[in-house]
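In the text below, chain A, chain B and the rest are named by the order of the sequence lines, each starting its count at 1.
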Amino acid sequence: MSKPLLEVRDLTISIGSTAAKIDIVDGVSFSVQPNEPFGIVGESGSGKSMIALAIMGLLPKALKITSGTILFDGKEIQSLSQRDMQRLRGKELAMVFQEPSTALNPVFTTGAQLVEVLRRHEGLSPKAARARVIELFGQVGIPSPADRFDDYPHQMSGGMRQRVMIAMALCCNPRLIIADEPTTALDATIQLQIMRLLARLQKETGVAVMFISHDLALVSNFVRRVQVMYAGRLAECGTAEAVFSTPAHPYTEGLMRCAYGLEDRMERLPTIEGQVPTPNRFPKGCRFSTRCAHVQEVCRHVPPPRYALAAGHESACYRHIDFKTE
Amino acid sequence: MTDLTTSRPAITAARTSWLRKLASANKILIIGGSVLTFIVLAALIGPFIMPYGAEDTSLMDRFKAPSLTHLAGTDSFGRDVMTRVLEGAHVSLLIGLFVVIITMVLGIIIGAIAGFFPKLDNIFMRVMDAGEAFPTLLLAIALAAVLGPGVVNVVLALGIAYAPRTARIVRASVLTLAQQQFVEAARASGASNLRIILYHLIPNALAPVIVQMTFVFADAVLAEAALSFIGVGPPPPSPTWGNIIADGRTYLYSAPWITLFPGIAIFLTVMSLNLVGDGLRDQLDPRLKGLS
Amino acid sequence: MTDQTPITAEPMFRIRSLSKHFANKPLLPFTPPTRVVRAVDKLAFDIHRGETLGLVGESGCGKTTTSRLLIRLLDATSGDVTFDGKPLLELKGQELRAFRRQVQIVFQDPFGSLNPRMTAEQVIAEPLITSTEMTATERRARVAELLDLVGLAPEHASRYPHQFSGGQRQRIGIARALALNPKFLVCDEPVSALDLSIQAQIVNLLKDIQRDLGLTVLFVAHDLQVVRHISDRVGVMYLGRMVELADSDTIFDHSRHPYTRTLLSSAPRLRHEGGITPDTSDAEQAEIPSPLNPPTGCHFHPRCALATDRCRSEVPEWRNLKGDHMVLCHHAEQLEDQ
């Protein structure tokens, strides 16, 4: 593998004072290669969005990176000045949010909002910027882009607004796009359109994309490598093929059973019993131990290490080999 | 908020400021609360431990400067200013309290009805607009002129004058709350309008009202002083802070203590109430709930 | 569920040409409104006793409005609906209150649907207070029974909503809906705000309750997959109209409406082999048209591969293909099983 574009090493994000701190994200490491569609899957409370915010340098002040490093193209993000970080965010790192209606300013036309970004970061003339925006609108599949240039956000549907957000993310030719639940607010038929659009743009422009989603099935269709998270820790990571064909963590396996369940009609849907623990009630050992059907005594006391299985396939479970034979 | 570089820092800046507030909200609340408690205790206990009566005159002791025998000096009738200020605290704080009660009851009833019944909304709120168009003090003076001076009339006048603002706050909360699903749920389970208003809307609309009440309290204390000062408040010789200041204004140069001490009392009361209000506002902010 | 509950001749709900229009306020009094949304447009279907009917569609399709019309939380613009043989839309006063006791609803948003200042017990007891003469002790006993029924512990009674997780809050919502022993339960997207691993728990719970209490359920969702598991029959809606209605397996395996098929194919499926779907063409850019200004004829024609001139001009007839498979499409016969 070539030099990674993004490398996250042993990242821990905590809330609260040092005396009573809770690790919302605990010792997470992964890397994203240039030109790679990478996925992070996790349910609510898994810390996936916090990782995205940490990479963007936008963590809320109550949360702190208490250990670990984030390297983007070899540079440590935490040590960048406010100014350099802003430049990085505008140009090389872009983000697509879940809710396109709140991420666009309602009092400016969508076209004007993109023009402003292009003029600031690329120094284009108003005319050139306008032409580029119309080109971008076409590229993200907005029909009759020249006419939609002057539309205000409220005149567009949710799907169209998300296309505008993607155009905005693309406009400075970034090297990494972080897409945090980009389709969760959209209808099913529109969701597929947007995911396919992102996949096509990823292939065409070679930008690396980090998909963050709660939807295992959706992610499984659009990434090459994937990381599954639970309650702020890594559960399992590896190539999509390895993880989705031979899951090596009971949580991944359980989620997959829930997802299969939806595909075939069954009398009872498979479940994972119990609730996701809230951060102040994280168990001492493995954080999944309170819901795991294969729990052993050791799981409750000592957090499992990461076991390397096949090439790049890792699992944070003591029973990564034998839990399925039970 | 046109792109990511500008929009996200703006949001984080907002987050920073309310987090900072969370850290200091308790401090503000504690400082304001302790000053207020001190004032209330002084008003309750003070008159009993002071050796003088509030209306005891003594021609021998006129215009005595503050000393150990007369902590805040004496006025033109030789009355002990400290005793009068403490006695005045009774009147001023009670006026504030009753104004708050009247404002709250009127404001909540009118606001809840206006917010819940769209058909009555326009009528109610236009009347409120009209009420609010008068400057508060002027309205109070006019009402006092009609009803005559006296503590009860001052309370009524101020209570009515402050009600529209509170009604507006309640109405705004009720309008948003009425859209919440738990209200629809209550309706689906057969709750009457009255029950929805009493159990589901008002309790959830109360937080901003309570904050507002601390400001109304402070305003009422100030307004009472102003009304007394111009002679339409509770009639003398009853010692209210406004009356004491009004008495002392002629001797401002020769005996400044007569006006100074009631002035300090008003200042401390209003300031502590405002601190409590600010502290409460931050404390009750729903956005902060998730963190605790 | 299907085989246990005999479907009697008289359906619980008989719905004919039910419509609900929302109009904006006219600019001048006594003039017609400038914009009218036909949120629900001439629906016709039955809901049988003891069945679970799924109602599926994307945003703006009118599924939520329909559910509110059936329990009279909204008033219909026009239509003819009978409940237990009685005309529903004309019920008033005492009769309406009696009707309301027999129908209940579980809401989508587990955060917004519970009053944040009431404990779980107060929330669940509210319908008992408003609609029964129970004493406080009787209510307490009933709440304990309901908590147990939905899988919550007795000590949960005194906690406030923010102390519960999303799934537990939804259980409280279900307990509240069941408090008065309703005959008919509307579930309005009860699991779409929940995590996948929790969704399944709630679906299973609803299934158990439906079977044990013999409830008739209208299950509203945007997600076909979830609906499949819980529904005996499924209706699909698009822009205010019902476009297809049949038993669950028919909808999933032998759908005869192009929109239902689009919806089915958009649901993401787990890709075990990993990697990226070869089919990443994003040729389809069609949007869901605004309900304010729906397309003429068949609403789906701009997105439909089978569309002809007839579809653009003529609204299809709501017709029975065979064996209670209702469809709203001129070309339903052209869609063969794939």
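Counting non-hydrogen atoms of other residues, nucleotides and ligands closer than 6.0 Å to CZ of C:Arg312 gives a total above 12.
For a residue to count as touching a neighbouring chain, one of its non-hydrogen atoms must lie under 4.5 Å from one of that chain's; by this rule A:Thr239 does not touch chain C. Residue A:Leu192 touches chain C through its side chain alone, counting heavy-atom pairs closer than 4.5 Å. Looking at A:Glu43, the atoms closer than 4.5 Å to chain C (heavy atoms on both sides) sit in the backbone and in the side chain alike. Looking at C:Ser290, neither its backbone nor its side chain comes within 4.5 Å of chain A, counting heavy atoms on both sides.
Taking OG of A:Ser46 as the reference point, atom CG of C:Asp195 lies at 8.5 Å (rounded to 0.5 Å). Distance CZ/A:Arg196 to OG/C:Ser266: 8.5 Å, rounded to 0.5 Å.
For the set C:Ser265, C:Ser165, C:Gly151, C:Ser197, the entry with the most heavy-atom pairs within less than 4.5 Å of chain A is C:Ser197. Counting heavy-atom pairs closer than 4.5 Å to chain C, the top-ranked of the candidates A:Thr271, A:Asp187, A:Thr278 is A:Asp187.
The shortest distance between side-chain heavy atoms of C:Glu58 and A:Gln191 does not fall below 4.5 Å. A heavy-atom distance below 4.5 Å is found between the side chains of C:Leu270 and A:Leu216.
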Does the side chain to side chain contact (heavy atoms under 4.5 Å, CB included) test come out yes or no for A:His214 and C:Leu196, once each step is laid out?
CA-CA 8 Å; A:His214 67 283; C:Leu196 186 64; 5.8 Å; no
Derivation and outcome, side chain to side chain contact (heavy atoms under 4.5 Å, CB included), residues C:Arg303 and A:Thr189:
CA-CA 11 Å; C:Arg303 299 174 69 185; A:Thr189 56; 3.0 Å; yes
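A donor-acceptor pair is defined here as one N or O able to donate and one able to accept, closer than 3.5 Å; no such pair exists between the side chain of A:Asn221 and the backbone of C:Arg271.
Taking every heavy atom of both residues into account, C:Lys207 and A:Arg268 meet most closely at NZ-N, 4.3 Å. For the residue pair C:Pro268 and A:Ala217, the shortest heavy atom distance occurs at O-CB, 3.7 Å. Taking each heavy atom of C:Ile198 and A:Gly274 in turn, the nearest pair found is CD1-O, 3.5 Å.
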